[in-house]
Amino acid sequence: MIRRGPHGGRDQSAKQEGAEDNMEEREAIDLAADWADISQGLRKDLGHQLFTQWIKPIQLGKLDHDTGTLDLFLPTEFSATWVEDRYHDRLSLAWKIASSDVRHISIKVHPGRRKIADLDLRGQDGFGHRAANDASLAMESIGDDGFTASVGLDPSQTFASFVTGSTNILAKNAAERMAKAEKPQFSPLYLKAATGQGKTHLLHAIGHSYLQTHPRARIFYCSAERFMVEFVQALKSNEMIEFKARLRGFDLLLVDDIQFIIGKASAQEELLYTIDALLNEGKRLVFAADRAPQALDGVEPRLLSRLSMGLVADIQPADIELRRAILESKLTKFAPLEVPGDVIDFLARTVSRNVRELVGGLNKLIAYAQLTGQEVSLQLAEEQLTDILSANRRRITIDEIQRTVCQFYRIDRSEMSSKRRARAVVRPRQVAMYLAKVLTPRSYPEIGRKFGGRDHSTVIHAVRLIEDLRQRDADMDGDVRSLLRQLES
DNA sequence: GATTCTTATCCACAATGAG
DNA sequence: CTCATTGTGGATAAGAATC
């Protein structure tokens, strides 16, 4: 698995080595071999389509031994941003596992390609800043006096750029108070949200805001994953005491994705002591995770109680109004650019899972439109965003359909499986079968089974019948439409 | 209530496609 | 090749419609 070249301690040896050319060549071969392994794994993980679209075009750059940073090149600004956004963590982790010389990865546009200025969507919109999560700079900046840029906080992720709605206002207010108030009323603050709902954004924002009011504050920001890496490194090199001392010197501790700490008993222990020490001094602690503290199984109870003793603020998934507001706010960044209202509406309505995807979709659309010189239109959106759309189509179950249809026609749920053939129950049953075929990927036999074990040809008959009826009967069409609307929201 | 008509259902079987 | 899915035509009996 771990491929090691014959040149282990490169940092020292490479500079004195006479045969430098040879070294470089060997290294390039090693990296290429590692990359072959990694991309094999990713191919399995991501599936063929995603792999060929995003991973395959990646070209290996050089490894900088001083910083341990490996460059990965993509042919376009857009694909670089995309890969950065979606796969940075994965790639980074895979490389760290494959080669101990690689400590960070950097995803860039291939220097050979001309950078299209118009398409430079980064920077303004918070898209493609996953690297900041890594906070590789956080630990390195400990020596200095908390200079903002080196803390690893993404400068675009501030409270000002955080769009609020009813689902996240609570968490935002809590975060703001954590950053502003002189004495924190609660600590730690625990942010709970599914991926892509903005917890990382809030974490960064707290950092920035606190730094504004306390310019000399010492802030620690990192993901729990990163925490683990640092921890293990300190452990290996017998620098634990130093490591502990550093940790306790911070005024504000921001730890992202603490669910990753599950199962690492020793790191948990260390985190626990750090929390206690910082809490006693009235320091501020903020944690973020994708689940409630109680749901972090594998974390010891003492740590759990520390995590939940402050305020646990839940960020609900963005609702449609918030999603629209986010898009509008991003849109002001492309000021002269016209994006029709129905496109915004379409995006806000369909991509519901993940805000990153939402913004990513908008970026992709705009980039594509500019590349091809087309107008941004609803049609273009439907064509270009098929991957995002299919991933976001809410998984509607047959049970859900049956419930909704029964409610709509005011009949009992049991009629879906009953043997009765009265019009009043057969029609709804057939409508439900039709909807099951249209809205789910289930096969005819499977649908038949869900309707009292009916034959698959019965389902086919029902689907065709309702299709036919929708054409000729306006009432039926209206019924189906309103059912579709109900089910898809 | 007895009748004819309509059709929801099941069955047997062919064609097709994924693994 | 095997298995599951889709699709066709036919038979039957449960309801609907008509008297």
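Note that the coordinates shown come from a computational prediction; the quantities given were computed from them, not determined experimentally. The sequence lines fix the lettering, A, B, ..., with proteins before strands; numbering per chain opens at 1.
The interatomic distance linking A/R421 (CZ) with C/dA16 (P) rounds to 11 Å, in whole Å. Here the P atom of nucleotide B/dT7 and the CD1 atom of A/I466 are 13 Å apart, to the nearest Å. In this entry the distance linking CG of A/D468 with C1' of B/dT7 reads 14 Å, nearest Å. What separates CD1 of A/I447 from C1' of B/dA8 is a distance of 17 Å, to the nearest Å. Remark: C1' of B/dC10 and NZ of A/K419 are 10 Å apart, rounded to the nearest angstrom. The separation between A/Q430 atom CD and B/dA8 atom P is 5 Å, rounded to whole Å. Separating the CE atom of A/M416 from the C1' atom of B/dA8 is a distance of 14 Å, rounded to the nearest angstrom.
Taking a 6.0 Å sphere around CZ of A/R481, one finds it holds 12 or fewer heavy atoms contributed by other residues, nucleotides or ligands. Taking a 6.0 Å sphere around CD of A/E467, one finds it holds more than 12 heavy atoms contributed by other residues, nucleotides or ligands. A 6.0 Å sphere centred on CD of A/E300 holds more than 12 heavy atoms belonging to other residues, nucleotides or ligands.
A donor-acceptor pair shorter than 3.5 Å can be found between the side chains of A/S161 and A/H201. No hydrogens or angles considered: nothing links the side chains of A/T404 and A/Q407 as a donor-acceptor pair under 3.5 Å.
For A/K437 (side chain) and A/R442 (main-chain N/O), a donor-acceptor pair under 3.5 Å exists by modelled atom type.
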For A/D290 and A/Q197, what are the C-alpha separation, side-chain angles and deciding distance, and is it a side chain to side chain contact (heavy atoms under 4.5 Å, CB included)?
CA-CA 10 Å; A/D290 65 354; A/Q197 302 302 335; over 6 Å; no
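Here the shortest heavy-atom pairing between A/D314 and A/A171 reads O-CB, 4.4 Å. Residues A/V376 and A/L380 come closest through the heavy atom pair CA-CD2, 4.1 Å.
Residue A/P445 has its side chain nearest to C/dT6 when only C/dA16, C/dA13, C/dT6 are considered.
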Review item, nucleotides 17-19 of chain B N/O atoms under 3.5 Å of protein N/O:
none

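Contact annotation for A/R427: backbone-only contact, meaning every heavy-atom pair under 4.0 Å involves sugar-phosphate atoms and none involves a base.
Residues from residues 454-464 of chain A with heavy atoms under 4.0 angstrom of DNA chain C, sorted by number: A/H456, A/S457, A/I460, A/R464.
In this structure, A/R429 reaches the B/dT9 phosphate: one of its side-chain N or O atoms is under 4.0 Å from OP1 or OP2.
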